[in-house]
Amino acid sequence: KAGVTQTPRYLIKTRGQQVTLSCSPISGHRSVSWYQQTPGQGLQFLFEYFSETQRNKGNFPGRFSGRQFSNSRSEMNVSTLELGDSALYLCASSLVSENTEAFFGQGTRLTVV
Amino acid sequence: AQSVTQLDSQVPVFEEAPVELRCNYSSSVSVYLFWYVQYPNQGLQLLLKYLSGSTLVKGINGFEAEFNKSQTSFHLRKPSVHISDTAEYFCAVIAMRGGNKLTFGTGTQLKVEL
């Protein structure tokens, strides 16, 4: 059974640009969550999607957005990149919408220069 | 809202010695508890989880944790560590009926030395 796949693994962008990250959940999983990991702030929840609907949202500015497609694949977008957006972005998939084990991908390392 | 405190940012230990990584949480509602491990340049892997039932939970790689509701703690233990256990360990909670939003602690770096 394939795990959670995140693409790309590494990304370098310039300040002011925008970026789109992709996450393919485990087959059959319908919930996808995104997290940002930085040395200073640790692991912070960005948002969760279930059946193409955003169910939960963390405390991030509107520059961070996401969506989920009918096949449960998810994308997150960051517009007008800032240096502080440099981080490891992790995607997690869960079978259903409530309190189930989250399986994490290997993450996308975004560097903003 | 929930919060998780991992008091020890780093824990050095010799191989084959026991180890305990501490985790305390705060929440106004009931929660489920998790421990995750992260190896360098990798995602997170679930070690164990407490959803209900016995307060002593056994996980992968010989780890176990005990849920203590009165002390709001969920400490992780291993009786004998191996070099390969060197990694960062995260304690996390999910509020019941709160979707799949995980709130993480700041992590504990476990360094196993020969």
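Numbers restart at 1 for each chain; the letters A, B, ... are given by sequence-line order, proteins then strands. For the numbers below, each heavy atom of this structure counts, side chains included, while hydrogens, waters and symmetry mates do not.
In this structure, chain A has no heavy atom under 4.5 Å from any part of B:Gln45. Heavy atoms closer than 4.5 Å to chain B are found nowhere in A:Phe47, neither backbone nor side chain. For A:Leu43, the parts sitting under 4.5 Å from any heavy atom of chain B are the backbone and the side chain alike. With a 4.5 Å cut-off on non-hydrogen atoms, B:Leu46 touches chain A through its side chain but not through its backbone. Looking at B:Lys49, only its side chain comes within 4.5 Å of chain A, counting heavy atoms on both sides.
Between A:Phe104 and A:Tyr35, the angle of the ring planes lies from 30° to 60°, which puts this pair in the tilted group. Ring pair B:Phe67/B:Phe74 is perpendicular by interplanar angle, where above 60° counts as perpendicular and below 30° as parallel.
Under the 4.5 Å side-chain heavy-atom criterion for Ile, Leu, Val, Met, Phe, Trp and Tyr, A:Val112 and A:Val78 are members of the same hydrophobic cluster.
A salt bridge links A:Glu75 with A:Arg73: the closest approach of a Lys/Arg side-chain nitrogen to an acidic carboxylate oxygen falls below 4.0 angstrom.
Remark: side-chain polar atoms of B:Tyr25 are not paired, donor with acceptor, to backbone N or O of B:Cys91 under 3.5 angstrom.
Among A:Arg109, A:Gln44, A:Gln37, A:Gln6, the residue with the largest count of heavy-atom pairs under 4.5 Å with chain B is A:Gln37.
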